[in-house]
Asks: 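Okay, here's the structure, questions in a sec.
Throughout, residue positions are numbered sequentially from 1 according to the sequence presented. Just so you know, these numbers use all the heavy atoms, side chains as well, and skip hydrogens, waters and symmetry mates.
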Amino acid sequence: MTHTDRAAIISVPPFPHKPVKLKPVDTDTKLRLDDKDARPPKRAPSGDDLDAAIAKHTSRISELQRVLYADGRYALLIVLQGRDASGKDGTIRHVFSAVNPQGCQVSSFKVPTDEERAHDFLWRVHQRVPARGMIGIFNRSQYEDVLVTRVHKLVPKKVWARRYDLINDFERLLTENGVEILKFFLHISRDEQKRRLTDRLTDPTKNWKFQIGDLDDRARWKDYTRAYRDMLRRCSTADAPWYVVPADDKKVRNWLIARRIADALDELGLRYPRADASIADVTID
C-alpha cells in the first residue's frame, strides 16, 4: 500500500456508522470548494457518538505521541490553512488537548518581519520545522506566500507562480528526512463565516479576535477561492497530500482531523527503542 493509499481512508469503528472517507486532493479532478462542500458528511457520527469518537482519537494521538518521542526516527508536521474563522485555533485547542506540551510546538505565521523579508520566503518556515520525535503545528504556513501575496498583489505573478514548485521541493526534502506532513484546508462556507465573525463582534470575550482585515479578505472571497484551488491542486503530492476538511461543524471537523492524525502516526510503525544491553543486569537497592 502506497503512502497516498494509506492516507486516503478514515473510518471510526466500532461506532455504528459506515466509514467516512477523507481523501487527499486529486490533482486530476476538478475542485469545487462550494459552500455545500463545507457541510459535514451525512454519515458522520453525531451527539454522544461524535463526542466519543473525538475522545477516542485524541487519546490515540496522546499515546502515539509518547512512542513518536521515544522512537526518534520521525517528526510530524501538521499544516492548517483556511479562511478567517475557519477554526484553525479551535482545531489546535481541541485536537491536541491531550498532547504533552513538551513534545509539541505551535508556530503561527503572520505578516513577515523586516528580518524575514530580508531572506527567501521559506526561511522563517524552515526554522520552525519540528525535530525528530516532535509534533509541529503550523497555524498558517508557507502557503501564505501563494495566497495573501497573490490576492493582494504584493508580488508579481511570475514570483508567486514559481513558489508552488519550490514548496513541493521543500516538502519533499522534509519527507525524505523523516518528517511526515499532513496538510488540512479547513473549508468554511460564506454564511458560516459571517455567523462566526458576527459572533466575534457581539461577544465581549471574542472581540479581541476580530480584525478589520477580516472583512477585506471576505470581500475578496472569489479571489481567495481561486488561490486556494490552485494551492490545493498544485501542491497535493504523494509525499505531502492536502485534505479538504468540511469545517462548518466544529466537532465533525475535529473528529476528521484527529482520526487522520492518529492513523498517520499509527501507520509510521512507531516503536519504543530496545533497552541498552548494559542495563540488563542492573539492580536498584
Asks: Are M231 and W221 joined in one hydrophobic group, where the rule is that I, L, V, M, F, W and Y side chains link up if heavy atoms are under 4.5 Å apart?
Replies: no
Asks: Can we say R271 and D71 salt-bridge, meaning some charged N sits less than 4.0 Å from an Asp/Glu carboxylate O?
Replies: no
Asks: Main chain of V125, side chain of Q142: is a donor-acceptor contact present, judged purely on distance under 3.5 Å?
Replies: no
Asks: About how many Å separate CD of E176 and CD of E171, when rounded to the nearest 0.5 Å?
Replies: 12.5 Å
Asks: Hey, does Q81 have a side-chain heavy atom less than 4.5 Å from the side chain of R140?
Replies: yes
Asks: Between the side chains of D263 and R259, is the shortest nitrogen-to-carboxylate-oxygen separation below 4.0 Å, so that they form an ion pair?
Replies: yes
Asks: Is there side-chain contact between R260 and V245, with at least one heavy-atom pair below 4.5 Å?
Replies: no
Asks: I'd like to know if K194 pairs up with D191 as an ion pair, taking the criterion as any Lys NZ or Arg NE/NH1/NH2 lying under 4.0 Å from an Asp or Glu carboxylate oxygen.
Replies: no
Asks: Do you know which two heavy atoms are closest between D145 and W160, and how far apart they sit?
Replies: O-CB, 3.9 Å
Asks: More than 12 heavy atoms of other residues, nucleotides or ligands under 6.0 Å from CD of Q102: is that the case?
Replies: no
Asks: Whether the R253 and T91 side chains hold a donor-acceptor pair (N or O, under 3.5 Å, no angle test) is what I'd like checked.
Replies: yes
Asks: Could you walk me through whether K183 and Y243 pass side-chain contact (heavy atoms from CB on, under 4.5 Å), step by step?
Replies: CA-CA 6 Å; K183 301 181 297 192; Y243 296 89; 5.9 Å; no
Asks: Using a 4.5 Å cut-off on heavy atoms from C-beta on, say whether the side chain of H126 contacts that of L174.
Replies: yes
Asks: Would you say the side-chain atoms of R196 pair up with the backbone N or O of A85, donor to acceptor, closer than 3.5 Å?
Replies: yes
Asks: Side-chain contact, heavy-atom cut-off 4.5 Å: D37 with P246?
Replies: no
Asks: So do the side chains of Q105 and I137 get within less than 4.5 Å of each other, counting heavy atoms only?
Replies: no
Asks: Rounded to the nearest 0.5 Å, what separation is found between the OG atom of S141 and the CG atom of L147?
Replies: 8.0 Å
Asks: Could you see if M134 belongs to whatever hydrophobic cluster contains L76? Use Ile, Leu, Val, Met, Phe, Trp, Tyr and a side-chain cutoff under 4.5 Å.
Replies: no
Asks: Kindly indicate, with the supporting measurements, whether the criterion side-chain contact (heavy atoms from CB on, under 4.5 Å) is fulfilled by N139 and L80.
Replies: CA-CA 5 Å; N139 185 340; L80 300 175; 5.5 Å; no
Asks: When clusters are formed by joining ILVMFWY residues with side-chain heavy atoms under 4.5 Å apart, either directly or through shared neighbours, do L215 and L201 land in the same one?
Replies: yes
Asks: So which atom in L232 and which in V25 form the shortest heavy-atom distance, rounded to 0.1 Å?
Replies: O-CG1, 3.8 Å
Asks: Under 4.0 Å between a side-chain nitrogen and a carboxylate oxygen: does that hold for R60 and E63?
Replies: no
Asks: Could you see if I188 belongs to whatever hydrophobic cluster contains F210? Use Ile, Leu, Val, Met, Phe, Trp, Tyr and a side-chain cutoff under 4.5 Å.
Replies: no
Asks: Whether D26 and R233 form a salt bridge (side-chain N of Lys/Arg under 4.0 Å from carboxylate O of Asp/Glu) is what I want to check.
Replies: no
Asks: Return yes if some donor-acceptor pair links the side-chain N/O of N177 with the main-chain N/O of L173 below 3.5 Å, else return no.
Replies: yes
Asks: Can you tell whether the side chains of R39 and D249 come within less than 4.0 Å, N to carboxylate O?
Replies: no
Asks: Above 12 or not: heavy atoms from other molecules or residues under 6.0 Å from NZ of K251?
Replies: no
Asks: Keeping R117 on the side-chain end and P112 on the backbone end, is there a donor-acceptor pair under 3.5 Å?
Replies: yes
Asks: Salt bridge between D34 and K36, side-chain N to carboxylate O under 4.0 Å?
Replies: no
Asks: With side chains defined as the heavy atoms from C-beta onward, is the minimum distance between R32 and R229 less than 4.5 Å?
Replies: no
Asks: Show your working on side-chain contact (heavy atoms from CB on, under 4.5 Å) between T225 and R83 and close with a plain yes or no.
Replies: CA-CA 10 Å; T225 298; R83 302 180 193 269; 2.5 Å; yes
Asks: Can you check salt bridge (charged side-chain N to carboxylate O under 4.0 Å, His left out) on E180 and R73, steps first, answer last?
Replies: CA-CA 11 Å; E180 180 82 358; R73 290 179 296 156; over 6 Å; no
Asks: Do you know which two heavy atoms are closest between P24 and P241, and how far apart they sit?
Replies: CB-CB, 3.6 Å
Asks: For salt bridge (charged side-chain N to carboxylate O under 4.0 Å, His left out), just list the numbers for R220 and D217, CA-CA rounded to whole Å, side-chain angles, deciding distance to a tenth of an Å, and then say yes or no.
Replies: CA-CA 5 Å; R220 300 169 187 259; D217 284 349; 5.0 Å; no
Asks: Go through the steps to decide whether T205 and D203 satisfy the test side chain to side chain donor-acceptor pair (under 3.5 Å), and finish with yes or no.
Replies: CA-CA 5 Å; T205 67; D203 186 341; 2.8 Å; yes
Asks: Taking all non-hydrogen atoms of both residues into account, name the closest pair between F170 and L122 and its distance.
Replies: CB-CD1, 3.8 Å
Asks: Return the minimal non-hydrogen interatomic distance between A98 and S62, and the atom names on each side.
Replies: O-OG, 3.1 Å
Asks: Between K206 and D199, does at least one N-O distance fall below 4.0 Å, as a salt bridge requires?
Replies: yes
Asks: Assigning hydrophobic clusters by single linkage (Ile, Leu, Val, Met, Phe, Trp, Tyr; side-chain heavy-atom cutoff under 4.5 Å), is V79 placed with F121?
Replies: yes
Asks: Are K250 and D89 ion-paired here, with the side-chain N under 4.0 Å from a carboxylate O?
Replies: no
Asks: Got more than 12 heavy atoms from elsewhere within 6.0 Å of OH, Y69?
Replies: no
Asks: Without swapping roles, check the side chain of T58 against the backbone of I54 for a donor-acceptor pair under 3.5 Å.
Replies: yes
Asks: Would you compute the distance between atom CD1 of I167 and atom CZ of R172 and round it to the nearest 0.5 angstrom?
Replies: 13.0 Å
Asks: I'd like to check L182 versus L77 (side-chain heavy atoms, cut-off strictly below 4.5 Å). Are they in contact?
Replies: no
Asks: In terms of side-chain geometry, is the basic nitrogen of R150 or E144 positioned less than 4.0 Å from the acidic oxygen of its partner?
Replies: no
Asks: Under 4.0 Å between a Lys/Arg side-chain N and an Asp/Glu carboxylate O for R124 and E115?
Replies: no
Asks: Drop me the distance from L186's CG to K88's NZ, to the nearest 0.5 angstrom.
Replies: 6.5 Å
Asks: Quick one, F185 with Y228, criterion ring pair (Phe, Tyr, Trp, His ring centres under 6.0 Å). Give me CA distance, side-chain angles, the key distance, then yes/no.
Replies: CA-CA 9 Å; F185 172 63; Y228 284 127; 4.6 Å; yes
Asks: Say you draw a straight line from CZ of F96 to CD1 of I135; how long is it, rounded to the nearest 0.5 Å?
Replies: 6.0 Å
Asks: Under 3.5 Å, is there a donor-acceptor pair linking the side chains of Q193 and R218?
Replies: yes
Asks: Rounded to the nearest 0.5 Å, how far does CD1 of I61 lie from CG of L68?
Replies: 11.5 Å
Asks: Consider only side-chain N and O atoms of S189 and D248, and report whether a donor and an acceptor are under 3.5 Å apart.
Replies: yes
Asks: Could you tell me whether the side chain of Y164 reaches within less than 4.5 Å of the side chain of D230, counting heavy atoms only?
Replies: yes
Asks: Does anything in residues 130-157 pair up under ring pair (Phe, Tyr, Trp, His ring centres under 6.0 Å), and if so which pairs, sequence neighbours excluded?
Replies: F109-F138, Y143-W242
Asks: Specify the closest pair of heavy atoms between N207 and T202, including all atoms of both residues, with the distance to one decimal.
Replies: ND2-N, 4.1 Å
Asks: Can you check side-chain contact (heavy atoms from CB on, under 4.5 Å) on I78 and F184, steps first, answer last?
Replies: CA-CA 8 Å; I78 309 297; F184 299 102; 4.0 Å; yes
